[in-house]
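Residue numbers start from 1 in every chain, and the chains themselves are labelled A, B, ... in the order their sequence lines are given, proteins ahead of strands.
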Amino acid sequence: MNRLASVETAAPFAAAPAGLHTALAVRRWDPRLYQIATLAGLLGYGLGWLDLEIQPQTALAILASALATQLACARLAGRGRFDPRSALISGLSLCLLLRTGSLSLAMLAAVVAIASKFTVRIRGKHVFNPTNFALVAMMLAAQDVWVSPGQWGSGIVFAFLLAAAGGLVVNRAARADVTVAFLACYSGLLVGRSLWLGEPLAIPMHRLENGALILFSFFMISDPRTTPDSRLGRLLFAAFVALGAYTVQFWLFRTNGLLWSLALCSLGVPLIDRLLPGPRYRWTTVETFRPGERNLV
Amino acid sequence: MKPMAILVAAMLIVALAAPTVLAFCGFYVAKADSKLFNHASQVVLVRHENKTVITMANDFKGDPKEFAIVVPVPTVLEKGQIRVGDRALIEHLDAYSAPRLVEYFDDDPCRPVARYDFLQAARQRAMVLQETMAERARSLGVTIEAQYTVGEYDILILSARESAGLETWLRDSGYRLPAGASSVLGSYLKQGMKFFVARVNLKEQGRLGFTYLRPLQMAFDSPKFMLPIRLGTLNADGYQELFVYALTRKGRVETTNYRTVRLPTGTDLPVYVKDEFPQFYRAMFAEQVKRESMRAVFLEYAWDMGWCDPCAADPLSPEELRKLGVFWLAESESGSAVNRPRSRPGGPVDVFLTRLHVRYDATSFPEDLVFQETADRANFQGRYILRHPWKGEAKCEAAERYRQALRIRAEREAANLSSLTGWPIEDVRRKIGPVSGGEGRPDDRAWWQKLFGE
């Protein structure tokens with residue numbers, strides 16, 4: 001699997017001799033494959049052990065809809081090559097998070113997720129993490145959709161495993177800085193709040209052990225395609241998301257603060273990119289990289 | 001301080017010079033009066049948009065003058081926002097939603113099949129309070145925001161600048177607070193909450209003639225959908241039990257900061273469980289709690305209030321639901337202004353019931369319960385099945401196969417029961433006794449033992 005991780009490294013290789021290509025490229029695997037494997041593993045664990053409220057046929061319908069939409073949109077957008085990886089990631093994430101009693105709404109969510117990548121774009125970059133956008137849009141528009149943030153429980157061992165697996169993904173995706181900055185800010189806010197209220201530290205610890213938080217930090221906010229291009233921009237972005245999530249949860253008393261906050265803050269990313277420009281990230285591969293092509297996924 | 005409109009409820013019972021400090025409420029599921037769950041509370045949460053009506057019940061059995069309750073509330077509650085509820089309604093809600101036993105009787109294996117269903121359900125509990133005063137309040141930074149008598153209760157709504165003053169005032173006023181109360185009171189104060197303090201007014205109680213303490217009910221607006229449990233963990237001796245009956249419009253309610261797990265259901269059990277159903281329920285619940293390391297909230301029932309199948313008790317009538325605080329029924333009623341015929345229990349009503357059961361202590365449940373209403377309207381109930389073997393004569397080829405199947409079935413039922421409750425399988429087998437129609441249980445010797453003998 002000869003994948004390169006970012007445009008910064010990919011660009012010189014594009015002009016390099018073919019032999020060098022392969023020799024250097026094989027060292028790195030596409031982080032998305034780790035991500036797909038991890039998400040699929042989590043889905044299996046959730047279905048088998050945690051009794052997640054999703055029927056296998058709903059999961060299959062979501063995955064099929066995501067892939068079909070990716071295929072259709074890629075064709076329509078004139079990008080010949082069908083790449084199922086990002087669509088699979090979005091589909092699996094939806095299976096893990098989206099809850100609905102309606103099969104058609106589940107499928108619609110998958111279509112919305114993938115279509116958003118192709119339609120909601122500013123300066124050639126899609127604005128929202130597809131899964132995040134689909135969840136928020138469906139929760140706003142449909143009655144029969146919800147997200148269960150408590151479904152993973154707070155087993156610390158499980159959280160650790162999830163973090164380790166997710167860590168692998170972000171390291172490969174070279175956007176660990178968002179995850180680290182977000183977790184640092186959010187933990188700071190939670191611990192600070194409890195210290196101010198005089199609560200035992202068991203309370204913020206319990207909140208941080210939440211599987212949904214870990215999943216969000218390592219698999220959603222770290223999406224390299226929708227985070228700001230510059231490091232400083234990403235750190236700022238992470239801090240805003242943490243602050244927003246805290247506000248939703250502790251000032252507005254609503255659930256799913258992480259999702260709402262990420263969606264809202266994503267709207268500010270083009271501005272951050274304008275103020276603090278940086279090199280654009282891309283999931284590039286040696287075979288598929290073509291100069292001038294942008295936003296493959 | 002933020003303009004907080006938090007939700008309510010929770011549970012600190014302070015005993016007035018009482019030798020023992022009791023948990024907020026008590027819950028018993030009983031058949032023939034046997035206690036099932038101790039140290040338990042029952043809370044009915046009616047919720048739609050930001051409007052909440054909460055009813056809290058317990059079965060305090062001691063001297064009413066030794067009883068008091070302190071509950072953090074989001075806002076100063078006016079007298080009209082508090083009333084005394086009806087214990088029978090909560091009992092009805094409990095009976096309607098309790099785990100149930102279903103019986104099937106096998107038919108003559110030599111004839112075609114027909115089935116009969118019926119069931120039996122579990123039972124329950126009650127509630128209470130006491131009196132007040134107010135002197136050094138000001139000097140301690142404690143403000144008595146409101147003071148009134150509702151039914152047999154004297155009620156105070158307190159706010160305070162800081163927890164030490166509040167604690168001192170409560171102690172001076174004769175309330176025994178558990179150790180550690182100050183910091184918990186302080187954290188609620190900093191979140192802008194007030195304290196609802198209720199005691200039994202003995203004169204009023206005598207006049208009204210109630211021999212038990214009735215539930216307290218309060219109505220308020222708050223975006224926060226949660227149940228403060230932290231105060232309750234302070235005075236608890238060991239773990240506590242909490243039943244939450246959520247009545248909503250859209251669908252099932254679940255906790256967002258703890259895992260909500262479905263109770264095992266639909267399992268075939270040995271027939272003898274019929275006489276030990278309360279013990280079975282208690283043991284099974286304990287076993288499931290253990291499996292989840294006491295870190296989960298259990299879903300025991302989720303059903304549209306319009307019907308049930310099978311019914312452990314009739315669904316609550318619209319009138320009963322209104323008394324429990326289902327305000328949207330009252331609104332739609334008055335809106336239509338139609339003089340309807342008698343409310344028919346079991347008729348279509350716009351109410352979804354979720355019954356949650358939690359066993360908790362301060363270690364496993366460090367923070368208050370936070371809920372959300374989902375759009376899930378799928379029905380769920382704790383339902384356990386007894387299958388009675390055919391007792392009559394049966395002489396045909398099918399009967400032989402039936403008897404073989406019975407032995408396998410008995411073993412499977414024994415394994416189910418043992419796995420659900422943690423009871424040793426040998427004990428279960430002993431209680432099942434010889435399987436009718438066969439020579440005891442299936443031969444579970446290894447194949448070589450069967451081949452070579454013992």
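- Contacts between B/T374 and chain A at a heavy-atom distance below 4.5 Å involve backbone atoms as well as side-chain atoms.
- When heavy atoms are compared at a cutoff of 4.5 Å, A/S148 approaches chain B by way of both its backbone and its side chain.
- Nearest heavy atoms, A/N210 versus B/T256: ND2-O, 4.3 Å.
- B/N50 and A/R254 make their closest contact through OD1-NH2, 3.4 Å (heavy atoms, listed as atom of the first residue, atom of the second, distance).
- Looking at B/R259, its side chain does come within 3.5 Å of a backbone N or O of A/L50 through a donor-acceptor pair.
- The ring of B/F365 has its center no closer than 6.0 angstrom to the ring center of A/H206.
- Ion pairing between a basic and an acidic side chain is recognised when a charged N comes within 4.0 Å of a carboxylate O; B/R252 and A/E53 show such pairing.
- Of all heavy-atom pairs spanning B/A375 and A/W146, the tightest one is N-CE3, 3.4 Å.
- The distance from atom OG1 of A/T255 to atom CZ of B/F371, rounded to the nearest 0.5 Å, is 13.0 Å.
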Residues A/R193, B/K190; criterion side chain to side chain contact (heavy atoms under 4.5 Å, CB included); working and verdict: CA-CA 10 Å; A/R193 175 187 168 82; B/K190 281 187 175 166; over 6 Å; no

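- Sparse packing is recorded around CZ of A/F240, with 12 or fewer heavy atoms of other residues, nucleotides or ligands lying under 6.0 Å away.
- Atom CZ of B/R161 has 12 or fewer heavy atoms from other residues, nucleotides or ligands within 6.0 Å.
- For the pair A/Q143 (side chain) and B/K250 (backbone), a donor-acceptor distance under 3.5 Å is absent.
- The shortest side-chain heavy-atom distance between B/Q191 and A/L197 falls under the 4.5 Å cut-off.
- Taking the side chain as every heavy atom from C-beta outward, B/Q372 and A/P149 approach each other to under 4.5 Å.
- Residues A/S194 and B/E367 are not in side-chain contact: their nearest non-hydrogen atoms beyond the backbone lie 4.5 Å or more apart.
- A/A110 meets the side-chain contact (heavy atoms from CB on, under 4.5 Å) test with A/I62, A/S65, A/A66, A/L94; sequence neighbours excluded.
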